[in-house]
Amino acid sequence: MGIRVYNTLTRRKEDFRPIEPGRVGIYVCGPTVWDYMHIGNARPIVFFDVVRRYLKYRGLDVKYVQNFTDVDDKIINRARGLGVDPMAMAEGYIKAYFEDAGALGVAPADVHPRASRHIEEIIAFIEDLIAKGYAYEVGGDVYFSAARDKAYGQLSGQSLEDLKAGARVEVDERKRAPEDFVLWKKQKPGEPAWPSPWGPGRPGWHIECSAMVRKHLGPTADIHGGGSDLVFPHHENEAAQSRAATGAPLANYWVHNAFLNIEGEKMSKSLGNFIVPREIMRSYRPEALRFFLLSAHYRSPLNFTEEQLKAADAALERLDNALANLKQWLVVSQREAMDDEERKLLGRLTAHRERFITAMDDDFNTADAISALFELTRDVHATLGPQASKELVKAVIDLYHELGDVLGLLRRDEQASLDDAVERLIAQRQEARRRRDWAESDRLRDELAAKGIILEDTPQGVRRKRK
RNA sequence: GGCGACAUAGCCAAGUGGUAAGGCGGAGGUCUGCAAAACCUUUACCCCCGGUUCGAAUCCGGGUGUCGCCUCCA
């Protein structure tokens, strides 16, 4: 059994076979940098980060590309409203993106191409399309003839006729057909622009991805991902362009995540119900948000509520506690080598790992994979204690880290060293406890709690953790 | 109107033919100076109606309901 991936194109789970054995090229549509990322944006960012981690974990050599759309109507309009330079504003939000993504445990992609830095490739791509008869220029704009592409509509499962029937598109007189879409936009006054064979202008939205995939991954990416709202028109159009230009499919596997809603409603600026991770992370650990985002399968809609975020935080804490317990046992244990009973658990560790892998192999079922971590946790607590052998405890800790790393959870940031004042309070409390002065002991514990330090008394000594 | 999802406990969520994983929350218990952590026990007529099958949460048909996309959108 290998990895299986649901392919939007075929609407089926398929065996995952990279073009080149052992190597995978992934392209994910990244943010249009016109504002801070909201938690809806965070879902694909976190999910595809896990896809990447998992494929690496399974021994594949992954090249992960995620673009920034930094030339776009929304950016230009916003910047104009604020009276700032659009490119500078985009730059600022790219910086903010890395802060937010980093906090969520998302590693930078191998390449983060930007539209503004691929103008040359984009122009070449458009020229190619014109030369092949798929695109036409009208007064400084260039359009793609959708009808020229026989497979147009394949990805979104809609025929050109269907699309026309439901069309709510404003008719643009310059287009030859309503379903045509723009590849190059003629400059309007005050807009950023680059010289081109058709005069100054800027790339349309869809073309950048086609050009970047070709440049960074070759004609065909193994996986092309993004939110399900991108299926049409964005990915449909990308696919059409690339087919036309290269004769090859843009991607073999199209992977789309479902939406994240807030309190049962779609998030949108007009409803005013969008939430930004940096706001959430003021009151919750970033890891709790990450856990929440992975707690449902990526193709299921996910409803964000504070209650669920709390539940995610509590669930994650259980895993954290398990790890903390293990680390403490490792310190206090007097025994190195495993006994026979422990060897049985060691065998079960393999089963737990396999359960995790089976879940992830099946179309990246993170929810099921997480449950494997909880089953591991229960097994460990039921079997081991402070008297466990160091050898086994180490093996268990390693497994937590191994599987946690795949999900980007259970990060091993060791406890920040506490300052002297805190250490003194802890020592004072220990002294009070020795005197059986419970009032003073509890007072000191409350005082520390107020500073965000939680103490737990265990038979092996006091343990501290940060709230 | 066209295309497509989804409906499993108080909440969330796996499970695609052999009579229901996991988490949060709740209840009871063990341990502990108290607390915490941990452990044990407990908490499901799988939206409705038909059909296929020895057997259906799972497949098929029909309802009902919720949602997404149909050229800004992760």
Side-chain angles (χ1 to χ4, degrees), chain A residues 8 11 13 28-32 34 37-45 47-48 72-74 77 146 153 156-159 161-170 172 178-182 205-206 225-234 236-237 256-261 264-269 291-292 295-297 299-303 305 307-308 310-322 324-325 328 355 359 362 365-375 377-378 380-382 384-385 433 436-439 441-442 445-446 449 454-459 463 465:
Chain A
T8 304
R11 288 170 192 78
K13 280 187 206 170
V28 175
C29 283
T32 299
W34 68 296
M37 96 167 57
H38 60 232
I39 55 175
N41 299 319
R43 165 113 106 150
I45 289 163
F47 168 65
F48 286 104
D72 169 87
D73 287 346
K74 282 203 294 289
N77 292 336
S156 54
Q158 308 228 119
S159 69
E161 292 310 311
D162 292 338
L163 292 167
K164 280 178 189 163
R168 58 182 194 201
V169 54
E170 286 173 45
D172 184 332
E179 68 275 14
D180 292 353
F181 55 89
V182 69
W205 178 33
H206 314 299
S228 55
D229 56 332
L230 295 183
V231 173
F232 190 88
H234 190 229
E236 190 74 69
N237 291 351
H256 294 98
N257 63 277
F259 258 55
L260 184 141
N261 298 322
E265 280 188 308
K266 182 180 171 172
M267 218 180 334
S268 78
K269 294 249 159 182
F291 184 98
F292 166 74
S295 67
H297 184 84
R299 283 189 287 115
S300 299
L302 184 58
N303 191 33
T305 63
E307 188 191 358
Q308 290 313 315
K310 280 192 179 122
D313 188 60
L316 188 57
E317 194 168 345
R318 178 141 177 247
L319 297 177
D320 287 339
N321 284 331
N325 286 334
Q328 189 177 39
R355 181 160 141 49
D362 185 12
N365 194 334
T366 53
D368 206 17
I370 285 172
S371 79
L373 291 179
F374 282 102
E375 283 169 13
T377 298
R378 185 200 292 258
V380 165
H381 277 301
L384 298 183
R433 292 188 71 220
R436 307 184 74 78
D437 182 351
W438 307 127
S441 163
D442 290 351
R445 183 166 60 195
D446 290 345
I454 306 296
L455 295 186
E456 292 174 359
D457 301 318
T458 75
R463 194 164 81 203
K465 63 182 180 187

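Chain letters run A, B, ... following the sequence lines, proteins first and then strands; every chain starts at 1.
- Here B/rA36 presents its P atom at 17 Å from CD of A/Gln328, a figure rounded to the nearest Å.
- Side-chain contact between A/Asp368 and A/Arg355: present, with at least one pair of heavy atoms (C-beta onward) separated by less than 4.5 Å.
- The neighbour count for A/Arg11 CZ, taken as heavy atoms of other residues, nucleotides or ligands under 6.0 Å away, is above 12.
- Between A/Leu302 and A/Arg43, the closest heavy-atom pair is N-NH2, 3.4 Å.
- If you take CD of A/Glu317 and C1' of B/rA38, they are 13 Å apart, rounded to a whole angstrom.
- Rounded to an integer number of Å, the gap from A/Asp313 CG to B/rG25 C1' is 14 Å.
- Counting to the nearest Å, the C1' atom of B/rC72 and the CG atom of A/Asn41 are 13 Å from each other.
- Of the residues near RNA chain B, A/Gly40 and A/Arg299, the one whose nearest nucleotide (by heavy atom distance) lies more toward the 5' end is A/Arg299.
- Separating the C1' atom of B/rG23 from that of B/rA74 is a span of 26 Å, rounded to the nearest Å.
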Problem set entry | Per-nucleotide protein contact string for nucleotides 19-24 of chain B (B base, S sugar-phosphate only, - none; heavy atom under 4.0 Å) | --BSSS
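- Taking both residues in full, the closest heavy atoms of A/Phe181 and A/His206 are given as CD1-CD2, 3.7 Å, listed atom of the first, atom of the second, then distance.
- Summarising the geometry, atom CZ belonging to A/Arg463 is positioned 12.0 Å from atom CD1 belonging to A/Ile454; distances are rounded to the nearest 0.5 Å.
- Taking the side chain of A/Asn257 as heavy atoms from C-beta on, and the options B/rA74, B/rC70, B/rA38, the nearest nucleotide is B/rA74.
- A/Ala322 and A/Thr377 make their closest contact through CB-CG2, 3.7 Å (heavy atoms, listed as atom of the first residue, atom of the second, distance).
- Rounded to the nearest Å, the gap between the C1' atom of B/rA13 and that of B/rG4 is 22 Å.
- Considering every non-hydrogen atom in both A/Asn303 and A/Gln308, the closest pair reads O-CG, 4.4 Å.
- Between A/Leu319 and A/Leu373, the shortest heavy-atom distance links the atoms CD2-O, 4.0 Å.
- Checking A/Ser228 against A/Arg299 by side-chain atom types alone, no donor-acceptor pair falls below 3.5 Å.
- The separation of B/rC48 from B/rG10, taken at their P atoms, amounts to 14 Å, rounded to a whole angstrom.
- Counting only heavy atoms from C-beta on, A/Phe232 has its side chain closest to B/rC70 among B/rA14, B/rC70, B/rA74.
- Judged purely by atom type and a 3.5 angstrom limit, A/Glu236 uses its side chain to pair as donor or acceptor with the backbone of A/Gly153.
- At the heavy-atom level, A/His297 lies under 4.0 Å from the strands shown only through sugar-phosphate atoms.
- Distance CZ (A/Phe259) to C1' (B/rC6): 16 Å, rounded to an integer number of Å.
- When all heavy atoms of A/Pro301 and A/Ala258 are compared, the pair lying nearest together is N-CB, 3.7 Å.
- For A/Asn365, a side-chain nitrogen or oxygen approaches OP1 or OP2 of B/rG15 to under 4.0 Å.
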I'd like a table of atom pairs between the protein and nucleotides 30-34 of chain B - only N or O on both sides, under 3.5 Å - with the distance next to each one.
unit_1	atom_1	unit_2	atom_2	d
B/rG33	O6	A/Arg433	NE	3.4
B/rG33	O6	A/Ser441	OG	3.4
B/rG33	N1	A/Asp442	OD1	3.0
B/rG33	N2	A/Asp442	OD2	2.9
B/rC34	O2	A/Arg445	NH2	2.6
B/rC34	N3	A/Arg445	NH1	3.1
B/rC34	N3	A/Arg445	NH2	3.4
B/rC34	N4	A/Asp457	OD2	3.0

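- Rounded to an integer number of Å, the gap from A/Glu179 CD to B/rG2 P is 20 Å.
- To the nearest whole angstrom, the two P atoms, one in B/rU30 and one in B/rG18, are 41 Å apart.
- A straight line from CD of A/Gln158 to P of B/rC69 spans 12 Å, rounded to a whole angstrom.
- Using a 4.5 Å cut-off on side-chain heavy atoms (C-beta onward), A/Asp362 and A/Lys13 make contact.
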Seminar exercise, completed: Symbol by symbol from the 5' end, with Watson-Crick or G-U pairs under 3.5 Å, [ ] crossing and | another strand, RNA chain B is ((((((((.[[[..)..(...]]]((((((.......))))))...[[[[[..)....]]]]])))))))....
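- Residues A/Lys310 and A/Asp313 are not paired through a salt bridge, judged by the lack of any N-O separation under 4.0 Å between the basic side chain and the carboxylate.
- Taking the C1' atom of each, B/rG25 and B/rC72 are spaced 40 Å apart, rounded to whole Å.
- Not one side-chain nitrogen or oxygen of A/Ser300 sits closer than 4.0 Å to the OP1 or OP2 atom of B/rC67.
- Separation of the C1' atoms belonging to B/rA9 and B/rG68 is 27 Å when rounded to the nearest angstrom.
- Between the P atoms of B/rC60 and B/rU16, the separation comes to 14 Å (whole Å).
- Taking atom C1' in both B/rG55 and B/rU41, the straight-line distance is 32 Å, to the nearest Å.
- Counting any heavy atom pair closer than 4.0 Å across all strands shown, A/Gly157 reaches sugar-phosphate atoms only and no base atom.
- At a threshold of 4.0 angstrom between heavy atoms, the contacts of A/Asn325 are confined to the sugar-phosphate backbone, with no base atom among them.
- Between A/Asp457 and A/Arg433 there is a salt bridge, since at least one side-chain N of the basic residue sits less than 4.0 Å from a carboxylate O of the acidic one.
- Rounded to an integer number of Å, the gap from CZ of A/Arg11 to P of B/rC69 is 16 Å.
- No engagement by A/Ile45 is indicated, since no non-hydrogen atom pair under 4.0 Å with the nucleic acid exists.
- Position along RNA chain B of the nearest nucleotide to A/Lys13 versus A/Asp72 favours A/Lys13 as the more 5'-ward residue.
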